[in-house]
Undergrad: 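Take this structure first; my questions come after.
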Amino acid sequence: MKYDLFVSDFDGTLVRKDGTVSEENRRAIEAFRKKGGVFAVCSGRMLPSILPRVRELGLGGIVGAIQGAILAEIDTGKIIRCNAFSHLCALRAVTAAERRGLHTHIYTEDQFYSNMDDVFLEFYEKICGVRAERPREPLSSLLSGLKPIVKVIVMLEKEKRDGVYREMKEELGEEFYVTCSSDWMVEILPAGQNKGTAVEYLCRHYGIPLEKSAAIGDALNDYEMLERAGGKFAVENAEERLKEIAVTVPSCEEHGVAAAIRKYAMKEEL
C-alpha cells in the first residue's frame, strides 16, 4: 500500500452532520485494516467523548483526544500521554477569555467545566455526549483545585471567530497553541500540543516512517497533522488553508474518508 498509517479527524471529516459514520467510510476503513494498515482517529474532543465513538467503529490501538494532547489505548481507555498546561499558563489563557466575557470551557483529562449555561453549551453537550460541570464561581478561581488543565476553549458566533482567534494568538504568544476546530470555536493548548505531534508519536509507536503516513481533516486544527503526514487530504468542506497543502476529496457527507483511503492510501506503489 502507499500508506501504512491513516489518521483521520472526526467531526466534519469522518462523521457527518447527523453524527453518524457512513457505511462507505466504515467499509473502507475495514478494507484498509484487513490489508495491514493502521487506521487512527485524532480529534479535538475530550477522551470521554471520542472513546465510545471509535469503539463503535471497532477500532483498536490508540486514539488522540484534545488535539492529540491526550493519547489513550482504545481497548482499556488507559492514557499513555497527557500534556497539560502549567498552572500559570492555564490561568493566563482562562483570564484572557474571561476578560472578554466569552463563553469559556476548561478541560482536565476527564472532565470539563463551563462558565455559561446557554444554547452554545446545550448544543455542544448534545454533540459530545458529555455533561459539563457548571460552577458558580469564575473558572479562573477553580484552577488550583482541579487536575491539570489540558485545554481551554471559547465558543462564539461564527462572525466573531476570526477576530477573537487573532486577538488570543497575539496576546498569548509563543507559549500557547491557538487554533480553530469549527466555525464557532477557538481552542487554546500548550505550545507544541497539536495533531501533528500526535501523528509523529503514532508513527514512532507503530514503527511507520512519516512518509508512509497519511492524514485527512477539515478545520484549522488539522493543519499541523496534514503538514507532518506524507499523504495530505482535505474534505471538500474543509477550510481553504488546508486545501492549499492537500489533495481535496469529497465532503464528509459524501464519504471523503473512503475516497481518500480507496483511491490513494490502498493504491499500490509502482
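None of these values were measured; they are calculated from a predicted model.
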Undergrad: Is there a side-chain contact (heavy atoms from CB on, under 4.5 Å) between I66 and Q193 once you walk through the steps?
TA: CA-CA 9 Å; I66 305 190; Q193 300 312 309; over 6 Å; no
Undergrad: Does some side-chain heavy atom of E236 sit less than 4.5 Å from a side-chain heavy atom of P250?
TA: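 They are not in contact (no side-chain heavy atoms under 4.5 Å apart), so the answer is no.
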Undergrad: By side-chain contact (heavy atoms from CB on, under 4.5 Å), which residues pair with A65, not counting sequence neighbours?
TA: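 With neighbours one apart ignored, the set is L47, I50, I70.
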Undergrad: Using a 4.5 Å cut-off between side-chain heavy atoms of Ile, Leu, Val, Met, Phe, Trp and Tyr, which other residues end up in the same hydrophobic cluster as L88?
TA: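 ILVMFWY cluster around L88 holds nothing else.
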Undergrad: Not counting sequence neighbours, which residues clear side-chain contact (heavy atoms from CB on, under 4.5 Å) with P52? List them please.
TA: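 side-chain contact (heavy atoms from CB on, under 4.5 Å) list for P52, sorted by chain: empty.
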Undergrad: Got a sec, which hydrophobics cluster with V164, joining ILVMFWY side chains under 4.5 Å apart, including via others?
TA: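 Members alongside V164: F85, L91, V94, L102, I106, Y113, L139, L142, L143, L146, I149, V152, V154, L156, Y165, M168, L172, F176, V178, V186, I188.
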Undergrad: For H255, what residues pass the ring pair (Phe, Tyr, Trp, His ring centres under 6.0 Å) criterion, not counting sequence neighbours?
TA: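 For H255, no residue satisfies ring pair (Phe, Tyr, Trp, His ring centres under 6.0 Å) once neighbours in sequence are set aside.
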Undergrad: Quick check: does any side chain N or O of K195 sit under 3.5 Å from a backbone N or O of Y223, one acting as donor and the other as acceptor?
TA: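 No, K195 side chain to Y223 backbone: no donor-acceptor pair under 3.5 Å.
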Undergrad: For E56, check side-chain contact (heavy atoms from CB on, under 4.5 Å) against everything at least two apart and list the hits.
TA: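 R53.
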Undergrad: Do E24 and R262 have side chains that approach each other closer than 4.5 Å (heavy atoms only, starting at C-beta)?
TA: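 Answer no - side chains too far apart.
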Undergrad: Please tell me if the side chains of C82 and V150 come closer than 4.5 Å, counting only heavy atoms from C-beta onward.
TA: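 When only atoms from C-beta onward are counted, V150 and C82 do touch, with a gap below 4.5 Å.
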Undergrad: With sequence neighbours excluded, what pairs up with Y107 under the ring pair (Phe, Tyr, Trp, His ring centres under 6.0 Å) test?
TA: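 Testing Y107 for ring pair (Phe, Tyr, Trp, His ring centres under 6.0 Å), a comparison that skips the adjacent residues, returns F112.
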Undergrad: Is any side-chain heavy atom of S213 less than 4.5 Å from a side-chain heavy atom of V7?
TA: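 Side-chain contact under 4.5 Å: no.
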Undergrad: Any chance you could lay out the salt bridge (Lys or Arg N to Asp or Glu O under 4.0 Å) test for K232 and E227, step after step, and finish with the verdict?
TA: CA-CA 7 Å; K232 312 172 197 300; E227 191 176 43; over 6 Å; no
Undergrad: The criterion is side chain to side chain donor-acceptor pair (under 3.5 Å); which residues satisfy it with Q67, sequence neighbours excluded?
TA: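 E187, N221.
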Undergrad: Enumerate the salt bridge (charged side-chain N to carboxylate O under 4.0 Å, His left out) contacts for residues 133-147, please, sequence neighbours excluded, ordered by first and then second residue.
TA: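 As it turns out, the salt bridge (charged side-chain N to carboxylate O under 4.0 Å, His left out) pairs with a partner in residues 133-147, which skip direct neighbours, are E109-K147, D110-K147, D117-R134, E125-R134.
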Undergrad: How does the hydrophobic cluster around M116 look, that is, which other residues are in it when side-chain heavy atoms under 4.5 Å mark a link?
TA: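 Its cluster mates, by chain and number: none.
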Undergrad: Scan for salt bridge (charged side-chain N to carboxylate O under 4.0 Å, His left out) pairs involving residues 79-104, sequence neighbours excluded, and state none if there are none.
TA: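 Every pair satisfying salt bridge (charged side-chain N to carboxylate O under 4.0 Å, His left out) with a residue in residues 79-104: R92-E175, R99-E171, R100-E167, R100-E171.
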Undergrad: Could you walk me through whether E244 and R241 satisfy the salt bridge (Lys or Arg N to Asp or Glu O under 4.0 Å) test, starting with their C-alpha distance in whole Å, then the side-chain angles of each, then the deciding distance to 0.1 Å, before giving a yes or no?
TA: CA-CA 5 Å; E244 291 172 1; R241 188 181 175 199; 6.0 Å; no
Undergrad: Of the non-hydrogen atoms in V249 and G256, which two are nearest, and what is the gap between them?
TA: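 For V249 versus G256, the nearest heavy atoms are CG2-O, 3.5 Å.
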Undergrad: Going by the rule ring pair (Phe, Tyr, Trp, His ring centres under 6.0 Å), which residues pair with Y206 if we only count those two or more places apart in sequence or in a different chain?
TA: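 Listed in chain order: nothing, the list is empty.
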